[in-house]
Amino acid sequence: MVDNRDSSVPMVTPKQAAMLCDRNFGIGADGVIFVMPAVNGAGYTMRMFNSDGSEPELPEMCGNGARCFVRFIDELENLQGTNSSKMHTGTGLIIPEIQNDGQVRVDMGEPILSGPEIPTKLPATRNKAVVQAELEVEGSTWHVTCVSMGNPHCVTFGSKEFKVLQVDDLELTEIGPKFEHHEMFPARTNTEFVEVLSRSHLKMRVWERGAGATLACGTGACAVVVAAVLEGRAERKCIVDVPGGSLEIEWREDDNHVYMTAHVYMTAPAEAVIAQQGESACPPGRGDYAFHHKAEKIHCREAARNDSNCRPVWLEVLELIASPNLIVPLAVIKMVATALSRGWIKIKPISSNLIVVLAVIPMLVMAVSRGWVKIEPINVTEILKYYNGGGRHE
Ligand SMILES: N[C@@H](CCC[C@H](N)C(=O)O)C(=O)O
């Protein structure tokens, strides 16, 4: 989660997001979510980058991210679990709620079922929806139902060969990318492989677009319940087990919205400084990739702003050029040079020592004011001792 409340421009680039998410050289994450200023008044805007740096095209959505989002704001604003912050996403306005039992419930809105809107090129099988359609993947025929929860999902409960899936047995890293990049999904797709444990209990594994196999996917769990209902496999309210825990999903008949409820646990505050290539707080090139990780909050810009070692070189140079310390003497020199060249003023030759002194003083003032040079207060007693003792002290 990135505290991006003071700007509508993400403070982490897609490339940096991919580095942050790297599980070996970064913090390790499925994606980066930005808490940004609201677009239409109250609340906040959510944007996200997947762990490969891709940004889900608008409308975009991240269900688990929405739950983390509300907990993060709660902590940033010190609301102590009392808020229901409004959240603008590409999908529209979302109001996650922290409930009395600490669980966060998110109204994920209406599922989109029309093929072209998802988008999928698979032909509709029921009205405009793609339900239990056949999808050829590497010589196998899978039965898939396509749902968008603001992002595309392809849900499968099995193939012609494996009518009932045992999701633990799946070679997800092999099969997942084949679905993600399948020509039937022009915007790629998230894919959920589902095992029906009962009519109110489902178990899924997910291959996420731009992130691969992840431990949970909120929008995926919602899509799974919608697909299970459409295929007549489950009730509208289900527990969905994902590798990272369980989510309660309800697709309500009255408003056609999907609601997702689950805990968001915040790990105990831990402070670590994680930097590119894992060596020091600042990478060799300085600047761009210093990330401070504190209690699951990343304050990249604060880190760069507050830690002089983390400031990019270009910023130092720019600040030096723009610094009044330099601009004022330069302007004075320019004025004097102009006046001299036009004969408005004349100066008598001065000693070279004086020129050196005149040049050194502004430089010294600038160096001291920027903290490059420190002048310790003169200890008169020590100096007197030095001369009275007739020699240097250790
Ligand atoms: N990878 C997804 C976006 C992330 C979804 C998220 N994991 C969730 O919990 O909903 C995409 O590109 O659509």
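All values reported here derive from a predicted model rather than from experimental measurement. Ligands are counted one by one from 1 in listed order, and the atoms in each one are counted from 1 as well.
- Ring centroids of F185 and F179 are separated by 6.0 Å or more, keeping the two rings apart.
- Between E55 and R47, at least one side-chain nitrogen of the basic residue sits less than 4.0 Å from a carboxylate oxygen of the acidic one, meeting the salt-bridge criterion.
- Contact atoms of ligand 1 toward N151: 2 (C), 3 (C), 5 (C), 11 (C), 13 (O) (distance under 4.0 Å to a heavy atom of the residue).
- Closest heavy-atom approach to atom 1 (N) of ligand 1 among the candidates E208, E55, M48: E208.
- Within 6.0 Å of atom CD in E161, more than 12 heavy atoms from other residues, nucleotides or ligands are found, so the atom counts as buried in its surroundings.
- Counting only distance, with no hydrogens or angles, the side chain of E180 and the backbone of G210 share a donor-acceptor pair below 3.5 Å.
- Within the listing of ligand 1, atoms 5 (C), 8 (C), 9 (O), 10 (O) sit less than 4.0 angstrom from a heavy atom of T219.
- Heavy atoms of N190 come nearer than 4.0 angstrom to ligand 1 in at least one pair.
- Close N/O approach between G65 and ligand 1 is not found [any backbone or side-chain N/O within under 3.5 Å].
- Under the 4.0 angstrom criterion for non-hydrogen atoms, G210 is not in contact with ligand 1.
- Residue contacts with ligand 1, taken as heavy atom pairs separated by less than 4.0 Å, involve C217 via backbone and side-chain atoms alike.
- Side-chain atoms of N4 come within 3.5 Å of backbone atoms of M11 as a donor-acceptor pair (strictly under, hydrogens ignored).
- With contacts defined as side-chain heavy-atom distances shorter than 4.5 Å, the pair K334/T338 qualifies.
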